[in-house]
Amino acid sequence: SSMSELDVEKGLEMRKWVLSGILASEEAYLSHLEALLLPMKPLKAAATTSQPMLTLQQIETIFFKVPELHEIHKDFYDGLLPRVQQWSHHQCVGDLFQKLASQLGVYRAFVDNYKVAVETAEKCCQANSQFAEISEVSFKGTYIILSKQSLISLPPSLLYKPVDRVTRSTLVLHDLLKHTPSSHPDHPLLQDALRISQNFLSSINEEITPRRQSMTVKKGENRQLLRDQFMVELVEGARKLRHVFLFTDLLLCAKLKKQTGGKGQQYDCKWYIPLADVTFQTIDESESSPVSQIPEEEIDAMKVKISQIKNEIQREKVDKGKVLDRLRKKLCEQESLLLLISPCMAFRVSNRNGKGYTFLISSDYEREEWREIIREQQKKCFKSFSLTSLELQMLTNSCVKLQTVHNVPLTINKEDDESMGLYGFLNVIVHSATGLKQSLNLYCTLEVDSFGYFVNKAKTRVYRDTTEPNWNEEFEIELEGSQTLRLLCYSKVKQCRDDGENMDRIMAKGQIQLDPPSLQGKDWQRTVISMNGIEVKLSMRFTSREFSLKRMPSRKQSGVFGVKIGAVTKREHSKVPLIVRQCVEEIERRGMEELGIYRVSGVATDIQALKAAFDANNKDVSVMMSEMDVNAIAGTLKLYFRELPEPLFTDELYANFTEGIALSDSVAKESCMLNLLLSLPEPNLLTFLFLLDHLKRVAENESVNKMSFHNLATVFGPTLLRPSEKDSKIPANPTQPISMSDSWSLEVMSQVQILLYFLQLEAIPTPDSKRQSMLFSTEV
Ligand SMILES: *[C@@H]1O[C@H](CO)[C@@H](O)[C@H](O)[C@H]1NC(C)=O
Ligand SMILES: *[C@@H]1O[C@H](CO)[C@@H](O)[C@H](O)[C@H]1NC(C)=O
């Protein structure tokens with residue numbers, strides 16, 4: 001096997017985690033079965049008296065195979081417990097799982113008898129009020145709730161608990177197998193158990209499906225689950241995590257109940273709307289207030305925190321620290337919070353003439369998917385209806401079994417997923433679109449998944465009155481564990497509103513998988529996304545973080561790109577390199593109101609041409625610039641800083657800056673950061689102050705160009721700070737490997753924070769007053 005020793009160790013440690021989880025849920029399951037069996041003995045005893053409550057035959061039918069199920073699981077549990085308690089990496093458990101799987105036939109018998117069992121119990125209740133009472137008392141709070149009206153109200157528990165159990169243990173078997181090296185003696189046994197369980201499940205699912213429907217829906221109707229997803233709902237201004245289920249005839253919003261005593265998952269229904277009554281609202285029609293957005297800084301601070309916890313977990317894993325559980329819990333809390341606060345796009349549904357509900361989504365793609373599938377389904381649903389509370393209860397209970405999304409989309413839930421996605425930069429050129437039927441004002445947006453969920457990353461300009469738009473715009477998108485790129489094509493309808501509500505019409509949407517092997521090459525990959533008749537041509541190029549980080553000194557010292565800043569200013573007899581001043585002047589002349597200036601990349605060929613002109617000290621460079629798209633000039637300036645052989649903030653002081661920004665006392669932070677700034681070499685300091693002034697002016701026009709301090713810091717932070725030698729600032733301690741992906745996120749965010757700090761600082765010494773600044777006066 002190609003697994004390294006460390007991976008094997010980690011895998012075997014994971015086995016113990018998985019097994020402990022199985023033990024806990026087996027325990028809960030056993031106690032359920034025991035509660036169910038509790039009244040069986042007294043009933044049997046009474047059956048042989050002169051006044052039997054139920055006949056032996058009836059008891060047999062109602063409790064058919066439940067004692068056997070209990071015995072099988074008790075055996076399994078009793079076998080597993082001591083082995084987990086005396087855990088060692090050589091411990092084997094495969095035989096227990098194989099045995100359990102071989103006994104699945106009992107479940108089949110249970111399921112086959114189920115319908116008769118329920119009917120019998122119902123009949124007995126009607127005929128025998130005493131039994132009805134006993135049932136109520138002894139099953140209280142557990143399984144069968146027999147009401148005074150002799151109504152059996154909770155079949156799903158009886159049926160689904162056992163079968164659900166098989167589904168779950170099959171999932172867990174997968175996990176266990178994944179963490180069992182193929183050389184381990186357990187491997188073949190677990191594989192066998194998994195195969196048996198899967199066969200059993202696929203055979204039983206075919207049979208159960210119609211039965212389940214007949215229980216939850218009136219005869220003749222077919223209610224099926226079409227889609228389910230975790231979503232954030234806005235309830236009286238508060239964000240709540242919900243699980244939303246779309247059935248063929250209704251939309252149901254449920255909340256996962258707080259887990260009490262390992263009872264497994266349970267849902268509370270919050271509301272439902274028959275599809276025939278669902279309407280979509282825009283903000284104009286709804287009374288609710290616009291969605292308040294969480295400042296990006298806050299969200300980033302949270303990401304930093306998450307990355308830090310992840311790093312701690314990495315360390316603890318290696319040290320086998322006892323705090324691991326606590327850290328995981330903390331990570332889970334933070335990630336849940338991030339998931340809750342980050343989406344800001346409203347998705348409003350309402351009950352015709354009734355109440356409206358607002359979900360918050362971070363992906364317009366997903367919002368459109370929901371609308372499409374609901375609209376499509378509405379064509380088949382004409383009748384409104386309402387569910388009785390019993391029907392609603394049963395439907396909600398069935399959600400546990402039906403759900404297709406089992407985990408809240410947090411990275412902690414995918415931690416051991418083999419495909420971790422891509423980390424680095426994806427350059428995307430959106431070329432053109434074909435296949436449009438009518439002339440429109442078109443633009444595209446790009447979404448990628450990062451931190452486990454999708455966000456909008458880029459937007460092309462609007463190409464007006466055309467059936468064949470030619471955007472040819474390039475974007476640089478940062479990937480953080482991304483696996484999919486989505487593209488949405490909009491027709492511009494109205495001005496985009498200040499509150500972020502997008503009123504434009506989605507014409508088409510499509511997605512492609514970001515496939516690491518094919519993207520790893522350094523060349524541009526051409527691709528086409530086809531979506532309902534429209535085809536959009538793209539080119540993509542991926543640069544991994546390790547590579548994009550490298551600052552490459554130029555071999556030609558006569559130019560400006562890749563040449564030390566001090567060498568350039570000396571040669572030019574300038575304080576600030578000419579290229580910086582010329583680019584800034586041009587942008588201040590006509591780029592200050594450009595939407596997304598510095599964020600939107602210019603056309604790559606223009607940038608290359610401009611770079612060559614600056615390197616050759618071409619006299620016509622200003623003429624060239626005046627004719628070029630202003631985004632290309634912004635791109636050239638960014639490229640210049642990015643290619644500096646040493647970052648503007650220098651390698652030497654990088655660690656000092658990151659420590660300084662982490663100080664919590666604001667006074668200490670300010671003097672430390674200013675002191676560090678002023679200890680930069682003179683050309684670096686003067687150039688930075690020149691640029692900083694410019695960036696502050698750009699942000700003054702934020703209402704037009706949408707470039708806030710934060711946006712600018714995101715763009716320029718890594719460009720100005722990213723050190724030239726990789727690994728130089730990551731503690732290179734072999735006993736504490738920090739996963740590249742996590743530490744990079746942390747690094748990048750720290751770089752952003754540093755630049756943001758200077759952008760927000762009121763008083764930065766001007767170049768002239770530098771040497772007389774307060775901080776230096778103490779040295780005099
Ligand atoms: C930067 O940090 C190093 C190591 O902690 C220290 O020796 C050095 O004096 C610091 N430089 C400045 C300018 O604070
Ligand atoms: C842009 O900022 C300048 C100040 O730098 C200001 O005078 C001007 O009104 C702003 N323009 C807009 C459209 O906000």
Side-chain angles (χ1 to χ4, degrees), residues 461 495-498 565-566 581 583-600 630-631 633-634 637 646-713 715-716 720-725 727-733 747 750-751 753-755 757-766 770-771 773-780:
R461 66 183 185 277
Q495 202 62 36
C496 198
R497 300 166 53 115
D498 283 346
I565 190 165
R581 276 186 285 136
C583 288
V584 163
E585 270 165 31
E586 191 65 23
I587 287 163
E588 298 218 346
R589 194 167 69 79
R590 60 196 175 97
M592 300 302 269
E593 301 191 353
E594 181 79 14
L595 183 69
I597 183 78
Y598 288 118
R599 185 182 56 73
V600 172
V630 74
N631 289 310
I633 294 158
L637 184 62
E646 187 181 32
L648 200 62
F649 278 65
T650 72
D651 286 325
E652 193 194 334
L653 292 180
Y654 179 70
N656 303 58
F657 276 111
T658 53
E659 280 162 21
I661 197 71
L663 290 173
S664 31
D665 181 72
S666 63
V667 178
K669 189 192 279 195
E670 183 168 337
S671 38
C672 172
M673 293 296 276
L674 280 179
N675 202 351
L676 287 170
L677 190 67
L678 296 174
S679 38
L680 286 174
E682 186 150 307
N684 299 56
L685 175 65
L686 296 181
T687 303
F688 175 65
L689 293 177
F690 180 81
L691 179 69
L692 190 69
D693 261 356
H694 165 64
L695 295 181
K696 284 181 167 185
R697 278 193 294 276
V698 171
E700 278 173 19
N701 286 158
E702 182 190 339
S703 64
V704 193
N705 62 32
K706 303 286 176 213
M707 292 305 287
S708 60
F709 279 160
H710 182 268
N711 286 346
L712 289 165
V715 170
F716 274 97
L720 299 184
L721 280 127
R722 190 186 285 162
S724 45
E725 282 167 278
D727 288 341
S728 61
K729 66 286 155 193
I730 300 171
N733 182 346
E747 292 285 311
S750 163
Q751 292 156 8
Q753 296 300 317
I754 292 167
L755 184 56
Y757 184 79
F758 288 120
L759 280 166
Q760 287 171 335
L761 210 55
E762 290 286 332
I764 294 230
T766 62
K770 173 198 159 199
R771 300 297 170 198
S773 82
M774 288 283 289
L775 288 152
F776 276 74
S777 63
T778 54
E779 285 176 14
V780 179

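All ligand and atom numbering here is 1-based and tracks the order in the structure.
Counting only heavy atoms from C-beta outward, the side chains of Y654 and Q751 approach each other to under 4.5 Å. Annotation: side chain of L695 is in contact with side chain of Y598 (closest heavy-atom distance under 4.5 Å).
Under a 4.0 Å criterion applied to the non-hydrogen atoms of E593, ligand 2 contributes the atoms 11 (N), 13 (C). If you number the atoms of ligand 2 from 1 as listed, the ones under 4.0 Å from a heavy atom of V704 come out as 12 (C), 13 (C), 14 (O). Residue N701 has at least one heavy-atom neighbour below 4.0 Å for each of these atoms of ligand 2: 1 (C), 2 (O), 3 (C), 8 (C), 10 (C), 11 (N), 12 (C), 14 (O). When each atom of ligand 2 is checked for a heavy atom of E700 under 4.0 Å away, the hits are 4 (C), 5 (O).
The backbone N or O of I565 lies less than 3.5 Å from no partner atom in the side chain of N684, so there is not a single donor-acceptor pair.
For L721 against L755, the heavy-atom pair with the smallest separation is CD1-N, 4.5 Å. Between M707 and L712, the shortest heavy-atom contact is CE-CD2, 3.9 Å.
A salt bridge links R590 with E586: the distance from a Lys NZ or Arg NE/NH1/NH2 to an Asp or Glu carboxylate oxygen falls below 4.0 Å.
Assignment of M592 to the shell around ligand 2 is not supported, since no heavy atom sits closer than 4.0 Å. Residue contact check for ligand 2: R697 places no non-hydrogen atom closer than 4.0 Å to it.
Atom CD of E702 sits in a crowded spot, with more than 12 heavy atoms from other residues, nucleotides or ligands closer than 6.0 Å.
Classified by interplanar angle (parallel below 30°, tilted 30° to 60°, perpendicular above 60°), the ring pair F758/F649 is tilted.
For ligand 1, residues of the protein lying within 4.0 angstrom by heavy-atom distance are L653, N656, L676, S679.
Contacts of E588 classified as side chain to side chain donor-acceptor pair (under 3.5 Å), with partners at least two apart in sequence or in another chain: H694, R697.
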